[in-house]
Structures are given as C-alpha cells and as structure tokens.
Amino acid sequence: MKETWKELKQSSRGRMIYLGLLLLLGLGYMGTEIRKVKLSRSLGSIEDLSKADVMQLDSLHGTSVGLQIGLLAIIGLYALYILTGPSASLLTFVQVHAAVLAVLAVIGLLLALLFRASVLAMIQPLAGPAVIIGAVYFFYMVRQSFAKPAD
C-alpha cells in the first residue's frame, strides 16, 4: 500500500509541475506582450526608432513566439501521450486543460484591460492549445460512441 501511495504522490507532483509549467509559459507570454506594449508606447513614432530599439522589440517578439510554441508543444506532446490511455484519462485531460486555458484567458483579459494592451494579443497563444483540446475531446466522443456497453 505504501508503494501505491508513493506512486500516486509522485504522479500528483509531476502533474502539478506540468500545470505550473503551463501557467508559467502562458503568463510569461503575457508578460512579454505587456513589455512590448509599454516599450512601443515609450518609443514614440517609427521614425524615431534606433537600431537598439528595433533589436529590443525583435528580441521580445522572439521570446513571445518561443513561449507560444513551448505552450503548444507541451500540450500537444501530453495530448499524444494521453491518447493511448483509458477514456477517463482523456476526459480528465480535456477538463483540466480547458480550466487552465479559461484561467489564462481571464488573466489575459484582465491584463489587457489593466495595461491597455490588445486583448487578441493576450489570448492568441491559447488558440492552438484550444484546438488540441477540442481534437482530444472529439477523439474521446468518437471512442465513447464505439465503446461496447458494460453488461
């Protein structure tokens, strides 16, 4: 019994690290978007931009793209892993990830209002993961429709 509890505890710790990483990537993306908005407001017109300003904006853009790809890759890889498991795992995956995306969307909306940033820019990185979650849910529904009923 101790080994089972230990395995469960380690599994829960792994899931918490995974969810923390998802939130960190999502919030990191939003942070870089806010930084880009603040920087572009402080720079003024396009004609006044120096090479250093352009390099800084380019660096922030690269960071935000990297965070967006990281978020998409982690959810996509976990989805591929979970697709081989039982149906209950698929439904749990969909529910947990939908909740995480909803939390990130609300935070993004609030940050967009607070910093007068583009709402679309704040929630854009959630579109790809939402498609993955929708595909996993579709797969779950198809699997359930072809499952043999229990006697």
Side-chain angles (χ1 to χ4, degrees), residues 4-43 46 49 53-150:
T4 305
W5 173 251
K6 188 175 181 180
E7 290 171 4
L8 178 65
K9 191 174 176 183
Q10 288 174 344
S11 174
S12 296
R13 185 179 307 142
R15 286 188 188 114
M16 294 305 289
I17 290 170
Y18 170 76
L19 291 175
L21 185 59
L22 287 180
L23 289 172
L24 185 66
L25 288 170
L27 293 173
Y29 175 86
M30 291 175 199
T32 57
E33 288 299 314
I34 290 170
R35 179 72 181 123
K36 283 195 305 189
V37 166
K38 284 183 162 186
L39 183 62
S40 61
R41 282 189 191 141
S42 69
L43 294 176
I46 294 176
L49 291 178
D53 295 335
V54 173
M55 294 295 286
Q56 188 174 11
L57 284 170
D58 187 51
S59 175
L60 285 171
H61 175 71
T63 301
S64 65
V65 168
L67 290 168
Q68 187 175 0
I69 290 171
L71 184 66
L72 187 61
I74 287 175
I75 291 177
L77 289 172
Y78 192 69
L80 288 174
Y81 169 75
I82 207 75
L83 284 172
T84 61
S87 291
S89 296
L90 292 174
L91 188 57
T92 302
F93 171 88
V94 169
Q95 292 169 339
V96 168
H97 284 79
V100 168
L101 290 184
V103 166
L104 285 173
V106 168
I107 291 171
L109 290 171
L110 292 174
L111 289 174
L113 292 173
L114 184 64
F115 292 100
R116 290 187 222 131
S118 167
V119 173
L120 182 61
M122 290 297 190
I123 61 173
Q124 174 196 0
L126 306 180
V131 169
I132 292 172
I133 293 167
V136 170
Y137 186 67
F138 178 76
F139 181 79
Y140 167 78
M141 295 302 289
V142 169
R143 184 188 265 185
Q144 288 301 103
S145 68
F146 290 110
K148 294 180 182 176

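Given the structure is predicted, the values throughout are model-derived calculations rather than measurements.
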Donor-acceptor contacts under 3.5 Å from residues 100-108 side chains, at least two apart:
none

Expected list for residues 114-143: side-chain donor-acceptor pairs under 3.5 angstrom, two or more places apart:
residue: Ser118; atom: OG; partner: Leu120; partner atom: N; Å: 3.3
residue: Ser118; atom: OG; partner: Ala121; partner atom: N; Å: 3.2
residue: Gln124; atom: OE1; partner: Tyr29; partner atom: OH; Å: 3.3
residue: Arg143; atom: NH1; partner: Gly85; partner atom: O; Å: 2.7
residue: Arg143; atom: NH2; partner: Leu83; partner atom: O; Å: 3.1

Compile the donor-acceptor pairs under 3.5 Å between side chains in residues 58-67 and protein atoms, sequence neighbours left out, one pair per line.
residue: Thr63; atom: OG1; partner: Ser59; partner atom: O; Å: 2.9
residue: Ser64; atom: OG; partner: Leu60; partner atom: O; Å: 3.4
residue: Ser64; atom: OG; partner: His61; partner atom: O; Å: 2.9

In this structure, CD of Glu33 is separated from CD of Gln68 (nearest 0.5 Å) by 8.5 Å

CE (Met30) and OG1 (Thr32) are apart, to the nearest 0.5 Å, by 10.0 Å

Between the CG atom in Leu71 and the CG atom in Leu23, the distance rounded to the nearest 0.5 Å is 9.5 Å

Rounding to 0.5 Å, atoms CD1 (Ile75) and CG (Leu80) come to a distance of 12.5 Å

Rounded to the nearest 0.5 Å, the CG atom of Leu77 sits from the CD1 atom of Ile82 at a distance of 12.5 Å

CG (Leu21) and OH (Tyr78) are apart, to the nearest 0.5 Å, by 13.0 Å

For this session: Indicate yes or no: at least one non-hydrogen side-chain atom of Val37 is less than 4.5 angstrom from one of Ile34.
Result: no

